[in-house]
There are 2 protein chains.
Amino acid sequence: MLKHKHDHNVCIETALEAAQKICEKRETRFTPLRRRVLELVWTKHEPITAYEVLDLLSEGQKRVAPPTVYRALDFLIEEGFVHRIESLNAFVGCSDPEHKHQGHFMICTKCSNVTEMNEASLHSVIERAAKENGYTYENSILEIAGVCANCRN
Amino acid sequence: MLKHKHDHNVCIETALEAAQKICEKRETRFTPLRRRVLELVWTKHEPITAYEVLDLLSEGQKRVAPPTVYRALDFLIEEGFVHRIESLNAFVGCSDPEHKHQGHFMICTKCSNVTEMNEASLHSVIERAAKENGYTYENSILEIAGVCANCRN
DNA sequence: GCCCTGATTGTTATTGAATATCAAGTCATC
DNA sequence: GATGACTTGATATTCAATAACAATCAGGGC
């Protein structure tokens, strides 16, 4: 059964190339390790945990240690290539890495697929709510759980 | 320096009595352990971690084990007396336990205080966003980080 | 009272998530 | 080739959560 309608390899390649270019522009180092971790995150195309990355990364070589993975993930998050899903302790690739931003997500409780919402309206409502409560907005996480259109059938 | 303007003891008492009554109505068991854990959560009046609860609970007696705490917290969350803050791996008492609901929070990055937002407008915007993305809404977490009015001075 | 049943709590052990710390390697630049 | 900044490796530890099973407790029916 085909799970995704798109050619996922293309989608991985695109993400890697984009990351490469952005790093060149920002003069940050897209090392082989960081590239490999980003690739693994994209390969799953569902939220992936740090320890899953660790296992995949360790295949066919000496087992790497947790800090190796966490440091790479930290870099990727810092650069905006990856988002962290708090409610799952997991990570997903960001499809719009050009502009750094906070991720707002929908998570399907059946298939685990994640949709990133880039709606400015949502963002502005949240910022306004913060202001109305007397807070100076810094950032926010929004994770909506539900059943996606595909799975409802 | 006085941190809270209200009499916090009253506030704890109120929460415990409310929980007691709700459990009677629902015919669920508000055991001494569960009561004590809820009390500890309220006592801190900031997000408290499970292991902090564990330490407090163990004072002056044989040390309890993690499952004891987690089971009590699970019950309290189930009943809606406590919310979990995903971004902090911590727990806070809910000030409106009558109606079960998902918590939406503002978290002060300076003083760690948490404000629960009960704005229906926010909730409806989130549900609508879910629908527009083709999802059947189940629940959501919203955690906004910022600096509260008190700390901005 | 006594047994049965289900819920609660205790106990031991383990897994999963993340970080602290220090050592070793890499790489551009002087 | 020496220097210093950044990156990765390696060891150990802390914090977060759960699995699995034993013991205990509360209430209902006999």
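Values below: every heavy atom of this structure, side chains too, minus hydrogens, waters and symmetry copies. Numbers restart at 1 for each chain; the letters A, B, ... are given by sequence-line order, proteins then strands.
Taking for each of A:F75 and A:P66 the nucleotide of DNA chain D with the nearest heavy atom, the 5'-most of the two is the partner of A:F75. With DNA chain C read from its 5' end, the first of the two nearest nucleotides for A:P67 and A:Y70 is the one closest to A:Y70.
One atom, OH of A:Y51, and another, P of C:dT19, lie 10 Å apart when rounded to the nearest Å. Residue B:R63 contributes atom CZ, which lies 14 Å from atom C1' of C:dT11 at whole-angstrom precision. Between the P atom of C:dT9 and the CZ atom of B:R36 lies a distance of 15 Å, rounded to the nearest Å. Nucleotide C:dG16 holds its P atom 14 Å from the CD1 atom of A:I48, rounded to whole Å. Following rounding to the nearest Å, A:E78 (CD) and D:dT7 (P) show an atom-to-atom distance of 11 Å. Rounded to whole angstrom, the span from the CG atom of A:L73 across to the P atom of C:dG16 amounts to 17 Å. B:N89 has its CG atom 10 Å from the P atom of C:dT19, to the nearest Å. If you take CG of A:L54 and P of D:dA10, they are 13 Å apart, rounded to a whole angstrom.
For D:dG9, neither phosphate oxygen OP1 nor OP2 lies less than 4.0 angstrom from any side-chain nitrogen or oxygen of A:K62. A close approach under 4.0 Å does occur between a side-chain nitrogen or oxygen of B:T68 and OP1 or OP2 of C:dG10.
Using the six-membered ring where Trp is involved, A:Y70 and A:Y51 have ring planes that are perpendicular, over 60° apart on the 30 and 60° scheme. Note on ring orientation: taking the six-membered ring where Trp is involved, the planes of B:F105 and B:H83 are perpendicular (angle over 60°, cut-offs 30° and 60°).
Within residues 22-35 of chain A, the residues having any heavy atom under 4.0 Å from DNA chain D are, by residue number, A:R29, A:T31, A:L33, A:R34.
Salt bridge absent: A:E24 and A:K21 never bring a charged side-chain N and a carboxylate O closer than 4.0 Å.
When the side chains of ILVMFWY residues are joined at heavy-atom separations under 4.5 Å, either directly or via intervening members, B:F75 and B:W42 end up in a single hydrophobic cluster.
Between the B:R34 side chain and the B:R29 main chain, a donor and an acceptor come within less than 3.5 Å of each other.
Sorted by first and then second residue, the pairs that involve residues 134-153 of chain A and meet ring-ring contact (aromatic ring centres under 6.0 Å, His included), not counting sequence neighbours, are A:H123-A:Y137.
Closest approach of B:C148 and B:C108 over heavy atoms only: N-SG, 3.4 Å.
Out of D:dA10, C:dT11, C:dA17, the shortest distance to the side chain of A:R71 is found at D:dA10.
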